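In what follows, chains are A, B, ... by sequence order, proteins preceding strands, each numbered from 1. When reading the values below, keep in mind they use all heavy atoms of this one structure, side chains included, and skip hydrogens, waters and symmetry mates. All figures in this text were calculated on a predicted structure; none of them were measured in a lab.
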Amino acid sequence: MPERQSDPKRLPNETPRPPGELEELERVWAYPPGWRKISEINNSLVGVIYIGAAFLFFLLAGVLALIMRVQLSHGDNRFIGQDFYNQIFTVHGTTMMFLFAVPVMEALSVILLPQMLAARDLPFPRLSAFAVWAYVIGGLVFFSTIFYGLAPSGGWFMYPPLTLTKFSPGDNADFWLLGIGFIEISAIAGAIEIIVGLLRTRPPGMTLDKMPIFGWSMLVFAAMIVFAFPAVILATMMLEIERSFGWPFFNAAQSGDPLLWQHLFWFFGHPEVYIIFLPAAGLVSMIVPTMAQRPLVGYRLIVVALIATGFFSFGLWVHHMFSTGIPALSLGFFSAASMAVAVPSGIQVFSWIATIAAARDRFRITTPSLFILGFLFIFAVGGLTGVMVAVVPFDLQAHDSYFIVAHFHYVLVGGMVFPLFATFYYWDPMISRNRLSERLGRYVFWLMFIGFNVAFFPMHISGLLGMPRRVWTYPSAMGWDTLNMTSTIGAFILALGVLVFVVDIFVRFRRDWETQRRQTNPWNAGTLEWLPSDLYSMRSVPIVTSRYPLWDQPNLAEDVAAGAYYLPNAATGRRETIVTSPIDARPEYLLEMPGPGWAHMFSAVFTAAFFLLLTVKAVAIALVCGAVAIFATLVWCWQLDPPPRGRVEIGGGISLPTYMSGPSSHAWWAMIVLILVAGSLYIAFVFSYLYLWTVSPGVWPLAGSSPLPDLRWAASGASLMLLSILAYGMADRALPKPGSISLSAALLMIAGALCLIAGVGIEGYAQWRSGLRPGENSYGAMVYLDIVLTGQLVATVTLMTGFALARLVTGKLDAQRRVSFESAALLAYYTAAQGLLGFLLIYGFPRMLG
Amino acid sequence: MSRAGKAEHPRWSLTTIIASLLAGPIVWSLHFLFVYGGHTLMCALGWSSEPQIIRATVIVAGGAALALLVFIARAARRWRRDAVESDGDAALSAEFQMRATLLLILLSSAGVVWSSLAAFFIAPCQTLR
Ligand code: HEM
Ligand SMILES: [Cu+2]
């Protein structure tokens, strides 16, 4: 591995650069012309579409909020009907949480991170493009159900039994499950991109402790998605299976338990709140130092606070279930954790205040700083009421009242919408030719700030006076009219503020798609995203020696723009970026990136069509679309894993390989993240299995279930799993030398996949033969769910293995160029391990009970 | 680690970094899982007639978790001393690393103590309704 440049004053490359180099770079990174731009995958373009879509959903959900406020403005109002009201609060909540708050943060990160890391792009641009299109299509369809009376009405957390077919007939609830499915996919794709990007595409010298705080917050954000989203993925799967096929997971009459949904949902749902808040906090930690013109006070403390918040937030889920009859001592544990999580948030707030107080000269009052001060105020109020509702007796009073509505809007709007607007004003000059108007910005801020407080503060009081949430109207005699009218007026003032902002965007936001001309560092900030840049990101990739390189490394901008740092050209003649080691960021290899294309787009469109058509039960066309989606995905993947192109010079005497496989490659890392997702999903399953057992711990399998199959079945299934591990391991050894084809490798791969298929097949057969049926009771449902979960992994592995086989026969897979095999094998190992665990659980646990 | 001379300072692998940073929070979450799951389980299995046993279990678990945290903290301190003796960038990172680890252990300990306190005030297995 090459040594890092020890003397940062000696620049790696000589200037001036040879003629034609810049033109080449521009040619390689140019967007396709005209309407074909939509086939572009560069995050600098896709990110803008992404953020635009997310903001559109904010506006749409905001309009729904206004309709609700009009309806609630005075008692006995008949402006809209009850069922419609139920639909709009559900769609408002769902859209805000799933289609706006999480995606907007991912959108910001794909725009900002490549710039902050001075990378040409993040490692998987086509994956993000796919995720964005799936999200845009799925989201729009989900939202449009409101126009046809097809929208779900069970609230954004969709509790069964209300959402079971018996009480929610029709497709409405299925649309919720569908919309959420898309968000799950795109959130996880985004998380992979962010984790691998942050750990592997930092510029040379940017050790972990020099990474911008926004990077840290996105790292924690993505890790939280990896561990939290699987719980809700499992829950939505279970609910959809129960609705479509009647497997009783949640139906108490068949020994299911509706509370299981609440556990799974909130195990995701509470961390979700922090998934939304942490990135916003990271943004604040970037803006405050600039406005104070000094480094952030307590960088390390903030990193600690981010990690601690990420962890503690998983210990809070039951505080949404205080009134469900869980034993008081358990509530005590969750209450304690809810208080504990306030400490790291407090640490961050104090760090920001300290930075503001320590400002060089004076803290600059700009529109972004106003939004940050507004955020500090509103978020503090929301935090205080949060500590209040973490106290169990108080919560029993306030539960499901407008006090809660006030609390979570203070946290969500204060904690993420205000920082987001600060972000818009602060980073707008980075992507637009003009700046948003500072003068109008003040109006936007004051309208939003005053409007917000006028709208939501009275809700604390109406809640304490007893007004329940989710009521479409109330008798005037209750005496809540004035408070509600005030809230409604406030909501409109807030909306006016947003409107002024939208107008300003239309008037002033101008993005130069061809050259990405933009302002350079108008705020005199210290971090890399303010280096001069173009479509190819920075001209050359700097060596970073401080947390605020633009402040501490003189001449950095000029030298970077002149190409004096690493990789001032398109070294391979294609799109590429430097991959560095995860901790101390030493250049390791050059990652060749994909360019514009259509396969990912087809894949997204037809995946969306597949699920949509399934939802409306047009099964035949759905299957066709599903097949097209798979085909498009295969075409897309076929272009991955390009052939090695030898080593190239990036300057400073460093030459890097252009191909990497094994544990240092970005593909390996992505696979590991994906396996973590699958693992968390399985842990959620094991939890559910054990949970349903505790509901009736006396008899397991439940009374009336067929007896457990003989242990011999488990033994043969488990042996097959072990054999498949062996087969993939041997196939790995047997991969041929470049230019030849190996029959044994092919046969071993086939054998490995067949063993996996036989392993799950045997388990299914054994259970079926014993007479157990999934629709019988919750025990049967769980046993078959295990088979479904492992079965879908086996299907994926089989597909990937077939793909690797095709590459083997076409000479695109060998002992050197081997990434497509490695990915399949990694997933196969994991699948076998999960299968083994499944046998242990399904056969071992009931026997252990005796 | 102190073997490492000037030329070859200790390299932190990503796994070490993650493991040490997350040691505190992981102990906290295991403890949390144990007391929450254990309590639910013991109640479901009908041990509610023996509240003292449940209470003692929770308190002992808290004590054990705290002891473990203290142990890890001491190991981390020792580790840092070794790393700081070597020079250069690695030492800087190690310093950062270990301080963050210690702070996280401190926060986790607070979490453990708070959870355990509940057992002193609230009777096991009773619901509020
Ligand atoms: C912009 C101004 C906003 C207004 C005027 C507003 C207003 C409302 C109203 C009137 C309700 C229904 C309360 C009920 O009937 O129980 C509600 C519910 C909700 N809002 Fe908002 N909201 C706003 C912004 C947001 C934002 C930014 C988020 C999240 C990021 C959000 C998340 C929610 C959620 C999760 C619910 C609960 C839905 C449910 O009960 O299922 N809101 N909001
Ligand atoms: Cu919560």
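For a residue to count as touching a neighbouring chain, one of its non-hydrogen atoms must lie under 4.5 Å from one of that chain's; by this rule B/Leu41 touches chain A with the side chain only. Heavy atoms of B/Leu21 lying under 4.5 Å from chain A belong exclusively to its side chain. Proximity to chain A involves both the backbone and the side chain of B/Ala100, based on heavy atoms less than 4.5 angstrom apart. For A/Val392, the part lying near chain B is the side chain, with the backbone staying farther off; criterion is any non-hydrogen pair under 4.5 Å.
Residues A/Leu329 and B/Phe121 fail the side-chain proximity criterion, which asks for heavy atoms closer than 4.5 Å. Inter-residue side-chain proximity for A/Phe333 and B/Val58 is flagged as met; some heavy-atom pair is nearer than 4.5 Å. Between B/Phe96 and A/Val303, the closest side-chain pair of non-hydrogen atoms falls below 4.5 Å. Residues B/Ile26 and A/Phe311 form a side-chain contact, since some pair of their non-hydrogen atoms from C-beta on lies under 4.5 Å apart. Side chains of A/Pro327 and B/Gln126 form no contact here, defined as non-hydrogen atoms less than 4.5 Å apart. Put simply, the side chain of B/Thr127 does not reach to within 4.5 Å of the side chain of A/Ile326, judged on heavy atoms.
Interface remark: of the candidates B/Leu103, B/Leu45, B/Leu104, B/Leu117, B/Leu104 forms the most heavy-atom pairs closer than 4.5 Å to chain A.
Across A/Gly315 and B/Phe32, no two heavy atoms sit closer than the pair O-CZ, 3.3 Å. What you find for B/Gly111 and A/Ala340 is that their closest heavy atoms are CA-CB, 4.4 Å.
A/Ile675 is linked by a side-chain contact (heavy atoms from CB on, under 4.5 Å) to A/Leu826, A/Leu827, A/Tyr830, counting only residues two or more places apart in sequence or in another chain.
In this pair, B/Tyr36 and A/His263 present their aromatic rings tilted. The plane angle is within the 30 to 60° band.
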